[in-house]
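Step one of this worksheet: look at the structure below.
Order of the sequence lines sets the chain letters (A, B, ...), proteins ahead of strands, with each chain counted from 1.
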Number of protein chains: 2
Amino acid sequence: MSRMRKPAEERQAEIIETALQLLTHTPVEKLSTALVAKEVGITQAAIFRHFPTKDALWQAVLEDIERRAVNLWNDAVAKGTSPLERLAELIAAQLGLIAAYPAIPTLIFNAGQISAEDTLRPIHRRIMSGLRHRLLVEIREAAQTGQIPPAPSTEDCADLFLGLVQGTVLRWKLSDRSFDLIREGRRIATIQIGLLRGHKAGDDK
Amino acid sequence: MSRMRKPAEERQAEIIETALQLLTHTPVEKLSTALVAKEVGITQAAIFRHFPTKDALWQAVLEDIERRAVNLWNDAVAKGTSPLERLAELIAAQLGLIAAYPAIPTLIFNAGQISAEDTLRPIHRRIMSGLRHRLLVEIREAAQTGQIPPAPSTEDCADLFLGLVQGTVLRWKLSDRSFDLIREGRRIATIQIGLLRGHKAGDDK
DNA sequence: TCAATATGTTAGTGATTACTCACTTACTTA
DNA sequence: TAAGTAAGTGAGTAATCACTAACATATTGA
């Protein structure tokens, strides 16, 4: 048996990816270092060669999610040609990420819950406020170019769309992922955008 | 020291309440029977006099949440005089429950994650679909009485409002509960209701 | 009043946890 | 090619976990 030994960087990425994959079907509290090690194909002790503590592993996992999210957001913004299109693409991108790694919303909703509050919470906040900011940028541009009325503030609109993402994901999880998350997200986002645009005839009391 | 001994029913309620309270600041994975017992003021072994397994305790906690939620929904529906008022009251009621027990959304979002999937998931689903149904009833009545146009389907509207709740809670948690959850929920719900009503002049392409 | 019962404690169980340490072997480079 | 280092192993550790058994005492009802 050739004991393939991998460079640290590669092995660390492998451990992180494996942890994320395992979290799809394993509850957070059951994700032990032993389980991750077994799945990777190394001994449990080897995990600690690459991460000083388990919390450090959690931190790396969260930072990995952040990296993936930011990349997808950039792609989404580049894809859309109008602000409202980009808005829809951003939502679809986020849902795509969650569809690929269903553990993400759980990790995010648990926020500081996974013991390492102080290191993990800021990452959570960065991810969520990062997405919110991207949405906000597009909504502002749509408002400035008159594609949507200035009726609800752009901030409130961003929050409504963030909620739309959250709500769709929750329904998806409770339904045992029985529908296409991205498709449903696009559909309901379109409806919400329609509501915004339909608000044109202002009853600005 | 008079070792006050309480009837089982009362003690069970005390254990459940304590667990819920502890979950406000304790991650799910760290909520041990020992911690709950210490907080209640009994020994760890005494917990198992009242709950055969820890999973049974989780189940009781979830069922308690369900009971509280249903009661609050009933009150909310009785309070509002118009369907859209009742809609807002329902949302405020749910947010009030979450403000009192911030662990609830985490428990719900974790869904099957807390090991006892088979017993816990149905309860989660009942709570969420219960709220959705209540919202749906009010939205339907509002649509039938012409207070909102039939533009988006009532089902989609219910999902949008559910998302609104989820999103507001998430922002609240990530902001370290720095704003008044109920007030903010009412505010943004009012905005969304406004969007719905403003959709009257149908641009049914 | 006194025995039955319900509610509790004390002191354990084995399993699992994150983590350590001494040692080994694969890979790299001088 | 020899030596240094990076990556991994095997065998532990103490702590904590849910849970149990034997025993104790408060409460209650006949």
Side-chain angles (χ1 to χ4, degrees), chain A residues 1-19 22-23 25-62 107 110 112-120, chain B residues 1-19 22-23 25-62 107 110 112-120:
Chain A
M1 64 182 104
S2 70
R3 295 240 176 77
M4 284 197 294
R5 206 171 266 191
K6 297 184 179 176
E9 199 178 356
E10 186 180 341
R11 191 61 99 185
Q12 283 175 29
E14 200 180 351
I15 292 171
I16 291 170
E17 170 71 20
T18 301
L22 281 173
L23 278 171
H25 297 294
T26 310
V28 178
E29 85 236 33
K30 299 256 174 182
L31 190 86
S32 59
T33 55
L35 182 60
V36 176
K38 186 181 164 191
E39 193 73 11
V40 171
I42 56 180
T43 59
Q44 185 239 11
I47 296 283
F48 292 90
R49 179 78 53 188
H50 299 284
F51 300 95
T53 66
K54 196 191 181 188
D55 281 349
L57 172 56
W58 281 121
Q59 183 177 341
V61 166
L62 263 287
L107 288 177
N110 276 356
Q113 300 279 51
I114 315 172
S115 68
E117 287 213 38
D118 302 330
T119 46
L120 262 44
Chain B
M1 61 180 96
S2 69
R3 295 235 174 82
M4 285 197 293
R5 207 172 268 194
K6 298 184 178 175
E9 199 178 357
E10 187 180 340
R11 191 62 99 184
Q12 283 174 28
E14 201 180 351
I15 292 171
I16 292 170
E17 170 73 20
T18 301
L22 280 173
L23 278 171
H25 296 295
T26 309
V28 178
E29 86 237 32
K30 298 254 175 183
L31 190 85
S32 59
T33 55
L35 182 60
V36 175
K38 186 181 165 192
E39 193 73 10
V40 171
I42 55 180
T43 58
Q44 183 242 8
I47 297 282
F48 291 89
R49 179 76 56 187
H50 299 283
F51 299 96
T53 65
K54 197 192 182 187
D55 281 349
L57 173 56
W58 281 121
Q59 183 177 340
V61 166
L62 263 287
L107 287 178
N110 276 355
Q113 300 280 53
I114 313 171
S115 68
E117 286 212 39
D118 302 329
T119 47
L120 262 44

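In this structure, the side chains of B:F51 and B:V61 stay at 4.5 Å or more apart for every pair of heavy atoms. The closest side-chain heavy-atom distance from A:R49 to A:I42 is not below 4.5 Å.
Whole-Å rounding puts the A:F48 CZ to C:dT17 P distance at 11 Å. Rounded to an integer number of Å, the gap from NZ of B:K30 to P of C:dT16 is 19 Å. Rounded to a whole Å, the CD atom of A:E9 is 14 Å from the P atom of D:dA6. A straight line from CD1 of B:I47 to P of D:dC17 spans 13 Å, rounded to a whole angstrom. B:Q59 places its CD atom 17 Å from the P atom of D:dA18, with the value rounded to the nearest Å. Distance B:K54 NZ to D:dT16 C1': 11 Å, rounded to the nearest Å. One interatomic measurement links the two molecules: CG of A:L57 to C1' of C:dA18, which rounds to 12 Å at whole-angstrom precision. Remark: P of D:dT9 and NZ of A:K38 are 15 Å apart, rounded to the nearest angstrom.
B:A8 and B:H50 make their closest contact through CA-CE1, 3.8 Å (heavy atoms, listed as atom of the first residue, atom of the second, distance). Here the shortest heavy-atom pairing between B:I47 and B:T33 reads CG1-O, 3.9 Å.
Of the two residues contacting DNA chain C, namely B:G41 and A:L31, the nearest-nucleotide position lying further toward the 5' end is that of B:G41. Ranked by how close their nearest DNA chain D nucleotide is to the 5' end, A:R49 and A:Q44 are led by A:R49. In this structure, B:P7 and B:A45 both approach DNA chain C, and ranking their closest nucleotides by distance from the 5' end singles out B:P7.
Remark: B:E39 CD is loosely packed, at most 12 non-hydrogen atoms of other residues, nucleotides or ligands lying under 6.0 Å away.
Each end of the helix from C:dT1-D:dA30 to C:dT13-D:dA18 gets its own axis from five base pairs, and the two axes differ in direction by 20°, given to 10 degrees.
For A:T43 and D:dG8, the shortest distance from a side-chain N or O to OP1 or OP2 is not below 4.0 Å. Here A:R11 reaches the OP1 or OP2 of D:dG8: one of its side-chain N or O atoms lies under 4.0 Å away. The shortest distance between the side-chain N/O atoms of B:H50 and the OP1/OP2 oxygens of C:dA6 is not below 4.0 Å. Residue A:S32 places at least one side-chain N or O closer than 4.0 Å to OP1 or OP2 of C:dT17.
The side chain of A:I42 lies closest to D:dG8 when the candidates are C:dA18, D:dA18, D:dG8.
Every side-chain contact (heavy atoms from CB on, under 4.5 Å) that A:A45 has, sequence neighbours left out, goes to A:T43. In this structure, the salt bridge (Lys or Arg N to Asp or Glu O under 4.0 Å) partners of A:K6, at least two apart in sequence or on a different chain, are A:E14.
Between the side chain of A:R5 and the base of D:dG8, no donor-acceptor pair under 3.5 Å is found.
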